[in-house]
Amino acid sequence: MSAQPKIRLRGLTKAFGDKVVLDGIDLDVMAGTSMVVIGGSGSGKSVLLKCILGLIEPDAGSIEIDGKNILALDRAGREEARKHIGMLFQNGALFDSLPVWENVAFGLLAQKKVERRAARAIAAGVLAQVGLADSVGDLWPSELSGGMQKRVGLARAIAAQPDVLFFDEPTTGLDPIMGAVIDGLIVDCVKKLGSTAIAITHDMASAKRIGDRAAMLFKGRIVWQGAASELMDSGNAMVDQFTHGRREGPIQMELRK
Amino acid sequence: MNAVLDFIATVGRAVLGACRATGHLTLFALEGLSHLFRPPFYLRAFLRAMLEIGFLSLPVVALTAVFTGMVLALQSSTGLARFSAESGVANLVVLSVTRELGPVMAGLMVAGRVGAAMAAEIGTMRVTDQIDALTTLSTNPMKYLVAPRLLAGLIALPLLVLVADILGVLGGFIISTLKLGYNTGIYLNNTINFLQTEDVVSGLVKAAMFGFLVSLMGCYHGYNSKGGAQGVGAATTSAVVAASVLILAFDYVLTELFFAR
Ligand SMILES: Nc1ncnc2c1ncn2[C@@H]1O[C@H](COP(=O)(O)OP(=O)(O)OP(=O)(O)O)[C@@H](O)[C@H]1O
Ligand SMILES: [Mg+2]
């Protein structure tokens with residue numbers, strides 16, 4: 001195997017107005033591995049993923065997937081690149097005007113990979129992969145619990161078998177057992193597809209379960225990178241404070257008194 | 001001096017803002033329309049929008065039209081009593097309904113009913129990342145959400161107005177014959193004599209324009225809404241207000257085009 005990373009970010013910068021959210025991100029993710037990104041609320045983790053997906057246009061920097069800078073591609077090229085990325089959104093973002101099975105099969109139908117008649121059965125197969133019964137397919141997203149919504153979102157993300165997967169806080173708001181179940185599903189899916197993954201999480205247990213490597217985002221920069229197993233004893237003061245949830249430390253929460 | 005400069009700056013900023021908004025809107029409309037000519041086409045989304053804009057608006061538009069026709073007959077009979085009331089009432093009802101009140105009333109009703117719902121639906125999709133999700137699933141949101149609605153507005157409203165025309169004239173007929181005691185045969189004869197293709201067609205063209213405006217405003221404000229439930233609420237209000245004002249403004253412009261000689 002070559003040493004070329006699957007995803008390679010260099011100097012990625014994004015500001016909203018005069019608020020700098022990403023300030024020169026450099027990050028490599030090797031093919032077939034999972035990268036966990038941690039960082040405080042509002043540190044720009046979701047913006048980072050949306051930049052890679054092309055949903056937000058960065059101000060500067062490069063995003064290479066398989067060595068191709070996708071920011072230099074035209075519209076059609078970007079659409080093509082996007083076909084190989086699956087995304088689990090932070091709040092699910094299920095289409096609430098469509099039943100669950102159509103949500104799951106949406107990407108396949110859009111890419112004309114399946115006929116509409118066959119889609120229902122294929123959706124049932126994908127739902128089974130995330131541990132949901134066939135009958136769930138006929139429900140509406142609003143009829144699902146939070147955990148089920150995450151699983152449907154996961155099913156939708158993996159349905160087209162993408163080689164890159166993004167997970168934005170897959171376990172936030174779930175009970176610890178359901179969190180572990182979702183983590184297990186994510187690891188299974190990533191392994192089965194051989195995909196490259198970036199996962200955002202606040203949950204250290206989850207980070208260690210999902211990730212091969214981990215990176216911490218603070219003030220728009222990557223301040224630490226290492227093996228995910230080292231998260232709890234990284235030797236980096238900022239990471240330590242974050243992972244152990246201490247109030248005192250180098251990171252000062254900007255609270256208005 | 002400073003106050004004057006401030007004032008000029010404020011006015012300037014407002015004018016610039018308005019120009020920018022008009023530019024955005026125009027680009028949005030053109031992009032939406034351009035997707036009608038490039039595959040893939042979303043037939044289901046189009047049919048759903050037709051159902052929503054056209055079929056489900058039928059009751060409101062029908063009621064409005066009947067009452068409008070009834071009021072017209074009643075009002076005009078008192079006003080025209082001194083002249084030739086019978087032919088005058090029939091003439092006025094058929095002319096006002098087909099040229100003006102049919103399209104305008106239907107347009108305003110649909111703006112309130114459908115424009116609001118559209119802005120709320122698309123706005124919710126925006127603030128809950130569903131529009132981003134569409135993009136990640138190889139679907140262009142302008143093509144999937146906006147284009148079918150624009151087309152449906154363009155087609156559904158003329159159909160609605162055709163119904164409104166018939167019911168409006170019927171409302172006038174009912175009041176004229178049952179309440180005002182005009183002769184049924186003569187009234188009908190007058191109505192048919194005064195009915196001009198040009199009036200109906202101009203009304204239908206207006207309707208197509210109004211339908212397009214309602215869909216455009218609903219989609220545009222929904223698509224660009226931000227900031228949670230409050231943002232969606234604001235988008236809904238803007239969509240209805242903007243559509244209503246534009247309907248009346250374009251009504252004037254189109255009337256000028258059709259009838260001012
Ligand atoms: N479309 C946008 N327009 C303006 N500002 C934005 C936009 N999207 C994000 N931001 C800002 O960028 C910052 C980072 O947002 P982001 O959603 O990436 O945070 P996050 O790290 O994912 O936080 P959380 O863990 O709470 O999800 C926030 O301060 C937010 O206000
Ligand atoms: Mg986030």
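Below, each value reflects all heavy atoms present in this structure, side chains not excepted, and no hydrogens, waters or symmetry copies. Lettering of chains follows the sequences in order, A, B, ..., and the numbering in each one begins at 1. Small disclaimer: the values here were computed from a predicted structure and weren't measured.
- Using non-hydrogen atoms only and a strict 4.5 Å limit, no part of residues 185-201 of chain A faces chain B.
- The parts of L134(B) that come within reach of chain A are both its backbone and its side chain, each placing non-hydrogen atoms under 4.5 angstrom from that chain.
- The interface of residues 60-86 of chain A with chain B, defined by heavy-atom distances below 4.5 Å, comprises R75(A), R82(A), K83(A), I85(A).
- Using a 4.5 Å cut-off on side-chain heavy atoms (C-beta onward), T135(B) and K50(A) make no contact.
- Contacts with chain B (heavy atom to heavy atom, under 4.5 Å) involve these residues of residues 91-127 of chain A, listed by number: N91(A), A93(A), L94(A), F95(A), D96(A), S97(A), L98(A), F106(A), G107(A), A110(A), Q111(A), K112(A), R116(A).
- Contact residues of residues 153-172 of chain A toward chain B are R156(A) (heavy-atom distance under 4.5 Å).
- More than 12 heavy atoms of other shown residues, nucleotides or ligands fall within 6.0 angstrom of atom CZ in F16(A).
- Only the side chain of Y144(B) comes within less than 4.5 Å of a heavy atom in chain A; its backbone stays farther off.
- By the 6.0 Å contact criterion, CZ on F28(B) is enclosed, its count of non-hydrogen atoms from other residues, nucleotides or ligands being greater than 12.
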